[in-house]
Amino acid sequence: MSLIVVDVETDGQTPWDSSMVCFGAVLVKDMEQTFYGQTAPITDTWNPDALAISGFSREQHETFMDPALTMQDFLLWIETVSSGRPILITDNPAFDFAWINYYFHRYCGKNPFGFSARRIGDLWCGMKRDAFSSWKHLRKTKHTHHPVDDARGNAEVLHIMKDMGLKIKF
């Protein structure tokens, strides 16, 4: 089993009517193992406010790599760095997993993460025995909306939680 933290930036709210702009992944066991992918738009619909979060313009986004190639590269990276089944972990699986799942199925015919993901906040809240406990202050890497930075910060939190006693294997 390999834990992989993923973060996604998009130009809209939902995968079926907007596009993923870029995403990053960090292998929790070895945080030097990272992946960064950019994907060209797959729809003509986009929200300027959502796109602005990524730091890219629509014109830049339109020059990004074909999503099929990016997702195939990501699949190969996961297969290369994983030992056993990969597990997707993020700070918001309802968002990040939805996009990754959609793109994997659309462009690769399968999702190596299966049909589930883990949420860092839920692990933290369970450890603290408080359903509303905040954890984001534990990140060492600044949250910049560059998806590799954000994934790295979230992976760092998992290491801190392990040091605090969370029974988790990397």
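We number each residue from 1, following the sequence as shown.
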Q.
Quick check: closest heavy atoms across Gly114 and Asn101, and the distance to 0.1 Å?
A. O-OD1, 4.0 Å

Q) Mind checking who shares a hydrophobic cluster with Tyr102, ILVMFWY linked at side-chain heavy-atom distances under 4.5 Å? A) Ile4, Val6, Val8, Met20, Phe23, Leu27, Phe35, Ile42, Met71, Phe74, Leu75, Trp77, Ile78, Val81, Leu88, Phe95, Phe97, Trp99, Ile100, Tyr103, Phe104, Tyr107, Phe113

Q) Which residues pass the side chain to side chain donor-acceptor pair (under 3.5 Å) test with Thr141, sequence neighbours left out? A) Glu156

Q | Which atom of Ser82 lies closest to which atom of Ser2, heavy atoms considered | A | CA-OG, 3.3 Å

Q: Provide the full list of side chain to side chain donor-acceptor pair (under 3.5 Å) pairs with a residue in residues 10-22, sequence neighbours left out, each pair given once.
A: Asp11-Arg58, Thr14-Asp17

**Q.** All pairs passing salt bridge (charged side-chain N to carboxylate O under 4.0 Å, His left out) where residues 24-39 contributes a residue, at least two apart
**A.** none

(Q) According to salt bridge (Lys or Arg N to Asp or Glu O under 4.0 Å), who are the partners of Asp66, at least two apart in sequence or on a separate chain? (A) none

**Q.** Any Leu51 side-chain heavy atom under 4.5 Å of Asn47 side chain
**A.** no

Q.
Under the rule for side chain to side chain donor-acceptor pair (under 3.5 Å), what residues qualify as partners of His143, not counting sequence neighbours?
A. Arg139, Asp150

Q) Which pairs with one or both residues in residues 40-55 pass salt bridge (charged side-chain N to carboxylate O under 4.0 Å, His left out), sequence neighbours excluded? A) none

Q: Check whether any side-chain N or O of Thr70 sits under 3.5 Å from a backbone N or O of Gln38 as a donor-acceptor pair, and report yes or no.
A: yes

For residues 158-170, dump all side-chain donor-acceptor pairs below 3.5 Å to protein atoms at least two apart in sequence or in another chain.
from	atom 1	to	atom 2	distance (Å)
His159	NE2	Val28	O	2.7

Q. Which heavy atom in Cys108 sits nearest to a heavy atom in Gln72, and how many Å separate them?
A. SG-N, 3.9 Å

Q: List for me each residue that meets ring-ring contact (aromatic ring centres under 6.0 Å, His included) alongside Phe132, sequence neighbours excluded, and say none if there are none.
A: none

Q) Any side-chain heavy atom of Phe56 sitting closer than 4.5 Å to one from Glu9? A) no

**Q.** Residue list, side chain to side chain donor-acceptor pair (under 3.5 Å) with Ser133, at least two apart or on another chain
**A.** Trp124

Q | Sequence-distant partners of Lys110, salt bridge (Lys or Arg N to Asp or Glu O under 4.0 Å), two or more places apart | A | Glu79

Q: Kindly state whether the ring of Phe115 and the ring of His105 have centres lying under 6.0 angstrom apart.
A: yes

Q. Short question: side chain of Ser57, backbone of Gln60 - any donor-acceptor pair under 3.5 Å?
A. yes

Q) Listed by chain and number, what are the side chain to side chain donor-acceptor pair (under 3.5 Å) partners of Thr90, not counting sequence neighbours? A) Asp96

